[in-house]
Participant: 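Here you go, one structure.
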Amino acid sequence: MLDESKKDILKENYLLKKRKDAHKKTVFTAIKHHCFLLGVLFGFFILVALYFVSDYSDIYHISVEGNIYLSDSDIIELSGISEDDKYLLLMSTAVSSKLEKSPYIDEAKVERLENRLVRITVKEVKQIGYLFEDNESLILLQTGDRVPLNEDNAYLLKNIPLLEGYNKDQITEILRGFKQIEAKTINEISEIHRYPFSYDENMMEVIMRDGNYCFVSWTGLKMLEEYYSIESGIDKSNGLSCIYLDELTNSGFISVCPWQNVPVVDEVGTEASE
């Protein structure tokens with residue numbers, strides 16, 4: 001029989017072997033687990049890489065909503081994104097902020113939709129007209145900003161009138177009046193000229209795109225919203241061809257234009273020209 005000392009040695013050897021076997025098993029399990037994770041990560045990165053090099057990662061289509069003046073292509077260009085950009089990498093907030101730096105755009109929202117679609121919704125700054133200042137052609141915005149007119153933005157003139165005969169201080173006053181006018185109404189105006197009357201130095205000659213003339217003070221520009229409720233009564237055959245808008249009485253009437261010769265009757269009843 002083994003003495004006690006040998007028994008203790010054998011017992012220690014047995015326990016040491018068990019600990020070694022357990023340690024080997026733990027190490028093997030850890031290595032196997034790490035290898036599995038590395039395999040999963042490697043596979044994931046391979047899939048991501050394949051996705052980003054394929055056409056399926058590109059933006060499929062960019063739509064624009066809310067624009068009145070700027071074209072869709074101009075807004076997309078201002079956003080800095082294109083259909084070649086990666087859909088998952090698009091930072092909507094950053095693109096919105098970039099758009100809002102443009103003097104043309106008041107607010108912008110960029111959304112990533114399903115099927116790789118991107119929607120840009122904008123609220124534009126109202127464009128008042130175009131004018132000539134300091135020997136330069138400029139587009140006047142409701143904010144008072146002036147944007148130089150060039151070949152790229154010349155198409156905007158189709159929606160805004162020519163504004164002529166006013167200095168910078170007067171333009172500031174006129175902008176206050178335009179705050180109350182809808183963009184669609186401004187779109188119907190072809191030209192605006194200074195045309196002072198004896199009783200109102202601020203009178204404006206407003207030429208509509210349909211050929212009719214309106215006379216209104218710049219303090220009552222909001223009355224232009226009533227144009228279409230009045231213009232149907234114009235009858236050029238009887239010489240009544242201009243609309244006069246009065247903000248004091250909140251009314252308008254049709255009469256002869258200031259430059260027309262008005263027939264009057266003299267003392268003996270014969271007609272004469274004024």
Side-chain angles (χ1 to χ4, degrees), residues 62-82 95-110 120-196 201-225 227:
I62 305 168
S63 64
V64 179
E65 297 180 2
N67 50 320
I68 300 171
Y69 306 102
L70 296 175
S71 65
D72 290 0
S73 59
D74 273 355
I75 291 176
I76 292 172
E77 183 177 348
L78 286 171
S79 74
I81 61 178
S82 73
V95 177
S96 297
S97 298
K98 184 175 182 179
L99 282 166
E100 289 171 356
K101 289 179 181 178
S102 167
Y104 293 117
I105 298 176
D106 184 28
E107 298 175 8
K109 181 180 180 181
V110 179
I120 301 174
T121 306
V122 298
K123 178 184 177 184
E124 293 173 294
V125 175
K126 190 160 57 180
Q127 298 184 15
I128 303 305
Y130 66 100
L131 45 75
F132 302 96
E133 281 184 350
D134 303 324
N135 298 316
E136 190 175 12
S137 300
L138 306 167
I139 294 175
L140 177 66
L141 305 180
Q142 181 66 71
T143 55
D145 290 337
R146 275 84 160 161
V147 179
L149 188 62
N150 53 49
E151 292 181 359
D152 294 331
N153 61 15
Y155 74 90
L156 296 173
L157 300 187
K158 71 179 185 296
N159 288 323
I160 55 177
L162 168 66
L163 193 59
E164 189 175 56
Y166 298 97
N167 59 39
K168 291 182 179 180
D169 290 336
Q170 291 169 331
I171 291 294
T172 300
E173 295 298 322
I174 290 170
L175 286 173
R176 293 195 181 101
F178 270 105
K179 283 184 179 180
Q180 303 178 68
I181 301 179
E182 298 292 332
K184 62 181 181 180
T185 302
I186 297 175
N187 184 35
E188 297 301 321
I189 303 172
S190 175
E191 300 177 22
I192 298 175
H193 303 276
R194 189 167 181 266
Y195 205 105
E201 285 291 316
N202 299 328
M203 194 64 76
M204 312 172 83
E205 176 192 52
V206 180
I207 305 174
M208 308 302 289
R209 295 192 188 277
D210 59 12
N212 291 324
Y213 288 76
C214 290
F215 290 90
V216 61
S217 176
W218 73 40
T219 59
L221 276 169
K222 64 180 180 180
M223 291 294 297
L224 285 172
E225 293 290 343
Y227 170 72

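Below, each value reflects all heavy atoms present in this structure, side chains not excepted, and no hydrogens, waters or symmetry copies. Note that the structure is a prediction, hence the values are computed from the model and not measured.
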Participant: Suppose we screen for side chain to side chain contact (heavy atoms under 4.5 Å, CB included). Which residues come up paired with T185, at least two apart in sequence or across chains?
Facilitator: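 For T185, the residues satisfying side chain to side chain contact (heavy atoms under 4.5 Å, CB included) (neighbours in sequence not counted) are I181, E182, L224, E225.
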Participant: List the residues meeting side chain to side chain donor-acceptor pair (under 3.5 Å) with R176, not counting sequence neighbours, and say none if there are none.
Facilitator: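 With neighbours one apart ignored, the set is E173.
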Participant: Show me, pair by pair, the donor-acceptor contacts under 3.5 angstrom made by side chains of residues 98-107, not counting sequence neighbours?
Facilitator:
| residue | atom | partner | partner atom | Å |
| --- | --- | --- | --- | --- |
| E100 | OE2 | A108 | N | 3.0 |
| S102 | OG | Y104 | N | 3.2 |
| Y104 | OH | N153 | ND2 | 3.2 |

Participant: Using the test side chain to side chain contact (heavy atoms under 4.5 Å, CB included), find all partners of E188 that sit at least two apart in sequence or belong to another chain.
Facilitator: M208, Y228
Participant: With sequence neighbours left out, write down each residue that passes side chain to side chain contact (heavy atoms under 4.5 Å, CB included) with L157, or none if nothing qualifies.
Facilitator: Y130, L149, I160
Participant: Does any N or O in the side chain of R209 come within less than 3.5 Å of the main-chain N or O of N187, such that one atom is a donor and the other an acceptor?
Facilitator: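 Confirmed, R209 side chain pairs with N187 backbone.
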Participant: Could you tell me if the side chain of W218 sits less than 4.5 Å from the side chain of E201, heavy atoms only?
Facilitator: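 No, their side chains stay 4.5 Å or more apart.
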Participant: Please name all residues satisfying side chain to side chain contact (heavy atoms under 4.5 Å, CB included) with S82, sequence neighbours left out, ordered by chain then number.
Facilitator: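 Per chain and number, S82 pairs via side chain to side chain contact (heavy atoms under 4.5 Å, CB included) with D84, D85.
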Participant: List the residues meeting side chain to side chain donor-acceptor pair (under 3.5 Å) with E77, not counting sequence neighbours, and say none if there are none.
Facilitator: none
Participant: Check for a donor-acceptor pair, side chain of S217 on one end and backbone N or O of M203 on the other, with a separation under 3.5 Å.
Facilitator: no
Participant: Please enumerate all residues that pass side chain to side chain donor-acceptor pair (under 3.5 Å) together with Q170, with sequence neighbours excluded.
Facilitator: none
Participant: Strictly by side chain to side chain donor-acceptor pair (under 3.5 Å), give each pair with a member in residues 131-145 just once, sequence neighbours left out.
Facilitator: E133-R146, D134-K168, T143-D145
Participant: Do I62 and I81 have side-chain heavy atoms sitting under 4.5 Å apart?
Facilitator: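 A side-chain contact exists here, since the closest heavy-atom pair is under 4.5 Å.
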Participant: Got a donor-acceptor contact below 3.5 angstrom from the K126 side chain to the F178 backbone?
Facilitator: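 Answer holds: yes.
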Participant: For a 4.5 angstrom cut-off between non-hydrogen side-chain atoms, does L70 reach E124?
Facilitator: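 Heavy-atom side-chain distance check passes, below 4.5 Å.
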Participant: Residues two or more places apart in sequence or in another chain: which of them pass side chain to side chain donor-acceptor pair (under 3.5 Å) with N202?
Facilitator: none
Participant: Does any donor atom in the side chain of H193 or E205 lie under 3.5 Å from an acceptor atom in the other side chain?
Facilitator: no
Participant: Taking ring pair (Phe, Tyr, Trp, His ring centres under 6.0 Å) as the definition, give me every residue that meets it alongside Y195, ordered by chain and number, with sequence neighbours left out.
Facilitator: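 By the ring pair (Phe, Tyr, Trp, His ring centres under 6.0 Å) rule, Y195 matches F197, F215.
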Participant: Would you say the side chain of I192 lies within less than 4.5 Å of the side chain of L162, judging by non-hydrogen atoms?
Facilitator: no
Participant: Is any side-chain heavy atom of P161 less than 4.5 Å from a side-chain heavy atom of I186?
Facilitator: yes
Participant: Quick check against the 3.5 Å criterion: does Y155 have a side-chain atom that pairs as donor or acceptor with the backbone of S71?
Facilitator: yes
Participant: With sequence neighbours excluded, what pairs up with Y213 under the ring pair (Phe, Tyr, Trp, His ring centres under 6.0 Å) test?
Facilitator: W259
